[in-house]
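Convention: sequence-line order gives letters A, B, ...; per-chain numbering from 1. Keep in mind that what you see is a predicted model, and the values were worked out from it rather than measured.
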Amino acid sequence: MANIPILRLEGYVIVSIQDDLSDQEAEDLQKRLLESLAVRTAHGVLIDVSGLEIVDSYFCRILRDTAAMAQLMGVGTCVTGLAPAVAVTLTELGLDLSMVHTEGNLDRGLEWLRGRD
Amino acid sequence: MANIPILRLEGYVIVSIQDDLSDQEAEDLQKRLLESLAVRTAHGVLIDVSGLEIVDSYFCRILRDTAAMAQLMGVGTCVTGLAPAVAVTLTELGLDLSMVHTEGNLDRGLEWLRGRD
Amino acid sequence: MPEIIIATNDDAAIVTSRGAVRELARSVGFGTVDQTKLATAVSEIVRNVVLYAKRGQVLFTICESNAGTRGIEVIIEDEGPGIQDLEIVLDGGYSTSGGFGRGISGARALVDEFNLESEPGQGTRVEMRKWL
Amino acid sequence: MPEIIIATNDDAAIVTSRGAVRELARSVGFGTVDQTKLATAVSEIVRNVVLYAKRGQVLFTICESNAGTRGIEVIIEDEGPGIQDLEIVLDGGYSTSGGFGRGISGARALVDEFNLESEPGQGTRVEMRKWL
Ligand SMILES: Nc1ncnc2c1ncn2[C@@H]1O[C@H](COP(=O)(O)OP(=O)(O)O)[C@@H](O)[C@H]1O
Ligand SMILES: Nc1ncnc2c1ncn2[C@@H]1O[C@H](COP(=O)(O)OP(=O)(O)O)[C@@H](O)[C@H]1O
């Protein structure tokens, strides 16, 4: 079925992940996201994970790497909607997402990105 | 794989369709979209079809019906990003989308919805 | 010899068929608008097969006119119940399924040549051609 | 008798396993946070099987402690190359694949009981339990 859509709004690239992704699917999404930044400049990236019930070390790394690579392309990243249970689990796993800016929901994430411009 | 994500931004429900959907998938999306309106009130619906290369009579009907049903729930709908080739084809097919408001892209669609509030 | 043959037995075959003919049209050199028109016509007629005859097949062939123009020929056939009121259906606006009744008349408008044969109880065969 | 047995031979098995155990945990009465913790632990260990041993299996069983508390037991086993430096791996931060090296040590922190047996050349077996 369908690839995860990559939206453009106000010059920001927005992705909303609402289903559990396999490692391969997560990697594909990362690739398409970074390609979309190369094709047309963007002012920021917003990754909404409010629909995700599980973020393990693999996906956490995908998030970190995506943000790091986008940064290299001059674009800031905001991750929104991390579920409380996911945040607790990441901490106990010993994984650190502090290098990625996070906000509670899409609206707040967009506000944060707008504020940086 | 993944369902098409239904996003919430500024109280608007946003869906971006970027892959060809089967009739069943289109119907499922319509159902989930309308359900999401029932669960939490929204100020409007934005359906972006800029990634769609084909809209036939079936999908055209889904778009019309969705807009009509959303209207019954008191919510306006805007379809954005209809490709020129799709618009030409719909006309030659004898299909009429004029009862659904359309805009060129997501930004314009959101502007239109904001203006109605 | 057809380039592509697809069994049209379900929902998914509609997506596969319109995707395949679109790709074929692109490869032959059709522009975006004509790719979309042809793919949409195929979508309409294949959906009819799935809807009314349950199963059938579609054949896509790259063809050449007498004048030497290249094009694509589409043959969609089934052994379903056939169409009773051919004239009315070709005019458009008639549907036994609560549809728009625009499938056949619409597809006809989207291609250069359109031929429909149907025998009640025997099946239906649609031949379409679009030239570059 | 395990409630669920899943062959873990590929990428998709990781998704299936964590989804299945999450559902099972929910049905047993675990809250969202514990569901997530258990599912994440399973995700880490099953990925190791797929990554390092290619194939294996995971078994989920609803169990009861001596004190009468209900819980879920997870057994994940493979006949892969086994782990050389068990002590180091259990401490965390060690990876032969350029990973975070947090899979095993992290999973251990997320459950109530964690048991790892591994024999180089024989395979690896992880036993985890989480109580309500
Ligand atoms: N392959 C077919 N086999 C039998 N009946 C068909 C077939 N295709 C079309 N029909 C009949 O012709 C009618 C009109 O078809 P069409 O113009 O595609 O509109 P719609 O599909 O919206 O009804 C259908 O309602 C159906 O009764
Ligand atoms: N099932 C297994 N079979 C063989 N080796 C394993 C297995 N699981 C883990 N290992 C080894 O232990 C190391 C640490 O594993 P882990 O803590 O999960 O971190 P990571 O997977 O990030 O490397 C791995 O790099 C690998 O060398």
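Chain B forms more heavy-atom pairs under 4.5 Å with one residue of C/Lys37, C/Gln35, C/Arg47 than with any other, namely C/Arg47.
Evaluation of the side-chain hydrogen bond (donor to acceptor under 3.5 Å, both in side chains) test over residues 52-63 of chain C, restricted to residues two or more places apart or in two chains, returns C/Tyr52-C/Ser97, C/Gln57-C/Glu77.
By the 4.5 Å heavy-atom criterion applied to side chains, B/Leu37 and B/Leu34 are counted as neighbours.
Residues of residues 7-30 of chain C lying under 4.5 angstrom from chain B, judged on non-hydrogen atoms, are C/Asp11, C/Ile14, C/Val15, C/Arg18, C/Arg22, C/Arg26 by number. Contact annotation for residues 50-66 of chain B against chain C (heavy-atom separation below 4.5 Å, listed by residue number): B/Glu53, B/Ile54, B/Val55, B/Asp56, B/Ser57, B/Tyr58, B/Arg61, B/Arg64. Of all residues in residues 69-81 of chain B, none places a non-hydrogen atom less than 4.5 angstrom from a non-hydrogen atom of chain C.
Inspection of the B/Gln24 and B/Ser22 side chains reveals no N or O donor paired with an N or O acceptor under 3.5 Å.
Proximity to chain B is limited to the backbone of C/Ala107, based on heavy atoms less than 4.5 angstrom apart.
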Practice prompt. Run the numbers on C/Glu44 and B/Leu93 for side chain to side chain contact (heavy atoms under 4.5 Å, CB included), then give the verdict.
Written response: CA-CA 10 Å; C/Glu44 298 293 341; B/Leu93 259 178; 3.8 Å; yes
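Ring pair B/His43/B/Tyr12 is perpendicular by interplanar angle, where above 60° counts as perpendicular and below 30° as parallel.
At a threshold of 4.0 Å, the pair B/Glu35-B/Lys31 counts as salt-bridged, since one of the basic side-chain nitrogens sits closer than that to a carboxylate oxygen.
Remark: side-chain polar atoms of B/Arg32 are paired, donor with acceptor, to backbone N or O of B/Ile4 under 3.5 angstrom.
Screening C/Asp112, C/Val111, C/Ile75, C/Leu110 against C/Met128 for a side chain to side chain contact (heavy atoms under 4.5 Å, CB included) leaves a single residue, C/Val111.
If you take CD on C/Glu113 and CD on C/Glu127, they are separated by 8.5 Å, rounding to the nearest 0.5 Å. Here the CG atom belonging to C/Leu59 is positioned 9.5 Å from the CD1 atom belonging to C/Ile76, to the nearest 0.5 angstrom. In this structure, CG in C/Asn115 is found 7.5 Å from CZ in C/Arg129, a value given to the nearest 0.5 Å. Taken to the nearest 0.5 Å, the CZ atom of C/Arg70 stands 7.0 Å off from the CG atom of C/Leu132. Atoms CD and CD1, from B/Glu25 and B/Ile17 in turn, are 11.0 Å apart once rounded to the nearest 0.5 Å.
Within a 6.0 Å sphere centred on CD of C/Glu79, other residues, nucleotides and ligands contribute 12 heavy atoms or fewer.
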